[in-house]
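Here is the naming used below: chain letters follow the sequence lines, and residue numbers restart at 1 for every chain.
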2 protein chains.
Amino acid sequence: MDPRPVRIALVEDDKELRELLRAGIERADTLRLVRTFADGEDFLAAFPSLDVDVVLMDINLPGKNGIDCIREAKPMKDNVQFMVLTVFENPAYIFQALSAGATGYLVKNEEPEALHAAIHEIRAGGSPMSSAIARMVVASFQTEVQTKIHDHKLTEREKGILDQLATGLMYKEIAAKSEISTETVRKHVRNIYEKLQVGSRMEAIRLVYPKGL
Amino acid sequence: MDPRPVRIALVEDDKELRELLRAGIERADTLRLVRTFADGEDFLAAFPSLDVDVVLMDINLPGKNGIDCIREAKPMKDNVQFMVLTVFENPAYIFQALSAGATGYLVKNEEPEALHAAIHEIRAGGSPMSSAIARMVVASFQTEVQTKIHDHKLTEREKGILDQLATGLMYKEIAAKSEISTETVRKHVRNIYEKLQVGSRMEAIRLVYPKGL
DNA sequence: CTTACAATAACACGTTAGTGGTATGGTGCC
DNA sequence: GGCACCATACCACTAACGTGTTATTGTAAG
């Protein structure tokens with residue numbers, strides 16, 4: 001659709017893979033590989049004067065890792081899209097990368113055609129993810145209100161109280177909304193803490209929303 | 001790859017669209033449409049004895065909406081995958097649906113081929129999402145550590161304190177880890193609250209991690 | 001009909017968090 | 001040198017939270 005080819009930068013320290021990817025990209029006339037980097041520092045130094053649409057970024061780089069590179073580079077040019085290209089399916093990396101500003105995340109064993117499609121998709125406003133990655137991202141939403149409150153053998157009342165507790169409401173606010181006394185709220189909270197084996201609001205929340213980083 | 005066709009249930013109240021989808025699915029010999037429903041209640045009643053791999057679910061249904069249906073049905077058979085099929089690109093629906101247990105989310109104007117590919121992908125362990133949907137999901141991660149701690153003109157020290165504060169540590173614990181007095185921690189926290197215009201730990205956290213539901 | 005448990009409620013006490021004010025030493029800028 | 005800003009630190013006070021204990025009511029299980 002767009003007659004102009006997508007301008008691409010590639011940051012990948014492994015020479016063999018870099019050349020492989022380069023060859024694949026240069027074979028497509030809808031893509032244009034502007035420049036490659038073997039090192040995060042080099043990339044960051046060159047990025048301000050680099051005119052590209054999409055950056056393909058490895059995570060495990062010498063010097064500065066790919067996630068930190070994205071975190072620093074993304075705010076400079078918000079319309080440049082960063083696609084992580086890595087062998088790691090570690091959830092921690094995925095969430096860190098997305099938080100840092102990546103909009104796509106592919107595992108490296110994708111077919112060249114899939115990579116090309118993903119590049120066009122990210123350019124067009126999508127967020128291409130390898131299927132296992134997408135599933136993990138989706139799963140992070142599900143452990144959110146699913147396992148947590150709905151498990152742990154809390155009573156319905158207790159789940160409701162915990163929910164409000166996690167929202168940051170004070171006992172007196174919870175009491176008002178639930179139309180019970182604050183003393184009762186305190187009692188419920190104590191029972192919740194006992195069942196969850198925690199001793200403070202924050203600990204309970206962290207059990208319920210294991211989000212942190 | 002799998003010789004057995006993917007068994008599908010379709011829940012869609014609009015008769016025209018339902019027949020259109022049915023025709024599209026029945027044309028593919030790798031897919032098998034087991035049954036269709038026009039109503040959430042009907043679907044829930046039949047679901048326990050329904051032998052399917054994937055459920056295509058509209059959100060806007062008469063009686064019981066699609067999100068509530070997923071929330072109730074998913075725990076019954078955890079290996080059945082639910083794909084939301086809707087015209088709504090409202091972020092609230094997306095996150096609710098994913099939290100409820102959906103693993104795929106397509107907007108309705110997808111090509112039949114894309115729908116078929118998505119059905120196989122969800123069956124194979126992926127999470128197919130239309131590109132605009134995926135982008136919204138990814139965006140929800142980015143407002144996570146991005147805007148928050150890295151903005152708000154907090155000093156480095158303050159960001160670190162806020163980080164630990166959000167983790168649920170007590171002042172004295174933060175003091176120990178940072179090797180400063182608890183009094184200093186208190187001072188930093190006061191400055192943080194002032195800059196963020198909040199008045200409690202929970203409010204600060206909710207500013208920084210706007211995750212809640 | 002007990003027994004068990006959930007939900008309600010209250011009182012007392014100690015701990016932690018939030019708010020006010022004040023002060024000192026260090027760094028960088030003009 | 002003077003100014004702004006950050007990090008450090010302390011004191012005093014109030015508000016909110018966490019803990020121990022006890023008690024009444026309703027309801028479901030046995």
Side-chain angles (χ1 to χ4, degrees), chain A residues 71-72 75 145-212, chain B residues 72 75 145 147-212:
Chain A
R71 206 193 314 281
E72 290 187 35
V145 188
Q146 210 73 1
T147 318
K148 320 132 179 195
I149 298 189
H150 299 302
D151 263 6
H152 288 300
K153 62 208 172 209
L154 298 180
T155 68
E156 285 307 311
R157 195 49 154 174
E158 287 166 348
K159 290 176 196 170
I161 302 281
L162 176 54
D163 206 17
Q164 299 179 73
L165 208 56
T167 311
L169 298 183
M170 292 183 303
Y171 289 175
K172 61 171 60 170
E173 293 178 304
I174 297 173
K177 291 209 180 194
S178 306
E179 297 188 317
I180 56 179
S181 82
T182 64
E183 290 300 327
T184 303
V185 174
R186 289 152 71 82
K187 175 61 174 168
H188 285 309
V189 170
R190 255 180 300 129
N191 291 337
I192 291 168
Y193 288 175
E194 194 176 353
K195 287 185 181 175
L196 263 46
Q197 287 287 292
V198 297
S200 75
R201 181 192 213 113
M202 287 305 306
E203 283 183 74
I205 294 173
R206 274 192 296 171
L207 256 192
V208 169
Y209 301 91
K211 277 271 139 180
Chain B
E72 290 187 35
V145 188
T147 319
K148 325 137 184 187
I149 297 189
H150 299 302
D151 264 4
H152 288 302
K153 62 212 171 203
L154 298 180
T155 69
E156 284 306 312
R157 196 47 152 173
E158 287 166 347
K159 289 176 194 172
I161 302 281
L162 176 54
D163 209 18
Q164 297 181 74
L165 207 56
T167 311
L169 298 183
M170 292 183 304
Y171 289 174
K172 62 169 62 170
E173 292 178 303
I174 297 172
K177 292 210 178 192
S178 306
E179 296 187 317
I180 56 180
S181 83
T182 65
E183 291 300 328
T184 303
V185 174
R186 290 151 70 82
K187 176 60 174 168
H188 285 310
V189 170
R190 253 181 302 134
N191 291 337
I192 292 168
Y193 288 176
E194 196 176 350
K195 286 184 181 176
L196 264 47
Q197 286 287 292
V198 297
S200 76
R201 180 191 290 240
M202 286 306 304
E203 282 183 75
I205 295 173
R206 275 192 296 170
L207 253 194
V208 169
Y209 300 92
K211 275 271 138 179

Separation of [X] atom [atom1] from [N] atom [atom2], in whole Å?
| X | N | atom1 | atom2 | result |
| --- | --- | --- | --- | --- |
| A/His188 | C/dT8 | NE2 | C1' | 7 Å |
| A/Met202 | D/dA16 | CE | P | 19 Å |
| A/Arg157 | C/dT8 | CZ | C1' | 9 Å |
| B/Ile161 | D/dA9 | CD1 | P | 11 Å |
| A/Lys187 | D/dT24 | NZ | C1' | 13 Å |
| B/Ile180 | D/dC6 | CD1 | C1' | 12 Å |
| A/Glu194 | C/dA7 | CD | P | 14 Å |
| B/Ile174 | C/dG18 | CD1 | P | 10 Å |

Worksheet item: Roughly how far, to the nearest 0.5 Å, is CE of A/Met170 from OG of B/Ser200?
Response: 8.5 Å
Worksheet item: Taking atom CD of A/Glu179 and atom OG1 of A/Thr184, what is their separation to the nearest 0.5 Å?
Response: 13.0 Å
Worksheet entry | Donor/acceptor link under 3.5 angstrom from B/Arg190 side chain onto base of C/dG21 | yes
Worksheet item: Has the side chain of A/Arg186 got a donor or acceptor that lies under 3.5 Å from a partner of the other kind on the base of D/dG18?
Response: yes
Item to complete: Report yes if some heavy atom in the side chain of A/His188 is under 4.5 Å from a heavy atom in the side chain of A/Ile180; otherwise report no.
Response: yes
Worksheet item: Which is true for A/Thr184 with a 4.0 Å heavy-atom rule: it touches a base, it touches only sugar-phosphate, or it touches nothing?
Response: base
Worksheet item: Counting distance only, does the side-chain N/O of B/Gln197 pair as donor-acceptor with the main-chain N or O of B/Glu194 below 3.5 Å?
Response: yes
Discussion item. When you measure from the side chain of B/Tyr193 to the backbone of B/Arg201, do you find a donor-acceptor pair of N or O atoms at a distance under 3.5 Å?
Written reply: yes
Worksheet item: Does the side chain of B/Tyr193 get closer than 4.0 angstrom to OP1 or OP2 of C/dG18 through an N or O atom?
Response: yes
Worksheet item: Is there a side-chain polar atom (N or O) of B/Ser181 under 4.0 Å from OP1 or OP2 of D/dA9?
Response: yes
Practice prompt. Take A/Lys172 and A/Glu183, find for each the nucleotide of DNA chain D with the closest heavy atom, and name the residue whose nucleotide sits nearer the 5' end.
Written response: A/Lys172
